[in-house]
There are 2 protein chains.
Amino acid sequence: MNSLTEENYLKALFSLSNEKGEVNVNDLSKRLEIKMPTVTSMMKRLASKKLVNYESYKPLRLTIKGKKEAALIIRKHRLTEMYLVEKMGFGWEQVHNIAEQIEHIQSPELFAKMDELLGYPKLDPHGSPIPDKNGKMVWKEYIKLSECKAGDRVKLSAVINTTTDFLKFLNSRELKLGLKLNIKSVEPFDKTMVVNYGKRMSETLSHTVCERLLVEEA
Amino acid sequence: MNSLTEENYLKALFSLSNEKGEVNVNDLSKRLEIKMPTVTSMMKRLASKKLVNYESYKPLRLTIKGKKEAALIIRKHRLTEMYLVEKMGFGWEQVHNIAEQIEHIQSPELFAKMDELLGYPKLDPHGSPIPDKNGKMVWKEYIKLSECKAGDRVKLSAVINTTTDFLKFLNSRELKLGLKLNIKSVEPFDKTMVVNYGKRMSETLSHTVCERLLVEEA
DNA sequence: TATATTTGTTAGATTAGTCTAATAAATTAC
DNA sequence: GTAATTTATTAGACTAATCTAACAAATATA
């Protein structure tokens, strides 16, 4: 069994690897807000548990076992978020911190029950895939809204980099998953987009926002 | 903020105090399965946080503040047990270990939501009172079934000393809270009782079982 | 390429939470 | 009322998880 701390390192390493390929001690240190020497020593510990392949001065890599354990923690996190939103009535901007704690609960029964009550969902409230019981996780092929062009009609399918403030911003504009968006124009200077959707005929979205919205063909 | 470990000491001390009045280092040591020197040093820590009144060789006493914090952890535990049973479909014998973990979650919103969804329950699935938001908790005046006599008609209102095995035993006899029991006879030799209830016309209950069943006048 | 900067490791200290061994106080038994 | 037993404390060691300071390797820059 891994400690809560070890689980947090695994999860962070897993996420960073998916985000940017090679992960350094420095990257992990910044993500976890833990000093580099501490990270180095934890990497040695996780290496001794066969969860990480660690060699001095080389990029950090999870082993197959490490990836699986990380994915199963993320599974618990995302099932919890989905449960909190779907069954308890929380908003998608409220669930991260609670799930961050509940993901460490040791009880296969609890998560099996959530899964069952939710009808075995494939995606969490932010559109991210929920890894299956074996830790398998597949992202559908989305593109960023920022990569689309004027005239495109797309469906909003996932949101990434989901800070509370960003999610509150999306709430304020009634931007929800599943929504169809029409891109009216893209400002060449700053890549700001003007879109319409639902009853909103002309909403302006900054490039920063558009980069965090994942869409597919409508 | 108290650590998970500190919370467990507070909770154990609170429960032991309610069970037997004066609590020694030795009692707490046995309850937590932690050696006495460790308990002594934790008591000094909790004393420095004004949660426990500690004097060498004297019985341990929670301060008002310590009692309140302990009761609020028990509140989270019992709300969670109730939620797991009422909203997720777990059996009363399955919820203790999950609640034991979830009681440490730091999220007033989560427990407020459980409370709301449950309709502000006063009792947990075992009939124990749920402390209110101020840590106030009142036990109704129950007596042990073992203290009743032949001919009494009583209502089963709470169960105590609820190990998983005991709760499974109750399940196997269809013994649930709210049930009306008629005491047919009490064996003077070993205090075994013969009772009937529901469709069961003659069930024999050992003294050990009867001491763990709390009843009130039917 | 030599130097400066960034990144990573080693060494050593700190705190929380645990233990065992030794000792001391309190209680119980004779 | 002394001795035996139980209970409690002190002292010292250990692991997990963190830190800072110093040094070393790798990378970027001039």
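Order of the sequence lines sets the chain letters (A, B, ...), proteins ahead of strands, with each chain counted from 1.
- Contact annotation: A:T40 reaches the phosphate of C:dT9 (side-chain N/O to OP1 or OP2, under 4.0 Å).
- A:M43 has its CE atom 11 Å from the P atom of D:dT18, to the nearest Å.
- The distance between atom CG of B:N26 and atom C1' of D:dT6, rounded to the nearest whole Å, is 8 Å.
- Within the 4.0 angstrom heavy-atom criterion, base atoms lie near A:S41.
- Spacing between atom CD1 of A:I34 and atom C1' of C:dG8 amounts to 16 Å, rounded to whole angstrom units.
- Considering only side-chain N and O atoms, A:Y9 lies under 4.0 angstrom from the phosphate OP1 or OP2 of D:dT18.
- Here the C1' atom of nucleotide D:dA13 and the NZ atom of B:K35 are 16 Å apart, to the nearest Å.
- Annotation: of the two residues near DNA chain D, A:P37 and B:V25, the 5′-most nearest-nucleotide partner is B:V25.
- Using a 4.0 Å heavy-atom distance criterion, B:T38 is classed as a base contact.
- Using a 4.0 Å cut-off between charged nitrogen and carboxylate oxygen, A:K168 and A:D165 do not count as a salt-bridge pair.
- Under the 4.0 Å criterion applied to side-chain N and carboxylate O atoms, B:E103 and B:R78 are not assigned as salt-bridge partners.
- Between B:H96 and B:H77, the ring planes are tilted. Angles from 30° to 60° get that label.
- Rounded to whole angstrom, the span from the CD atom of B:E55 across to the P atom of D:dT7 amounts to 20 Å.
- In this structure, B:L28 places its CG atom 14 Å from C1' of D:dT7, rounding to the nearest Å.
- Classification of the A:F166-A:F169 ring pair by plane angle, with boundaries at 30° and 60°, yields parallel.
- Put simply, CE on A:M36 is 17 Å from P on D:dC23, counting in whole angstrom units.
- The distance between atom OH of B:Y57 and atom P of D:dT9, rounded to the nearest whole Å, is 6 Å.
- A:K44 comes within 4.0 angstrom of the backbone, heavy atoms only, and of no base.
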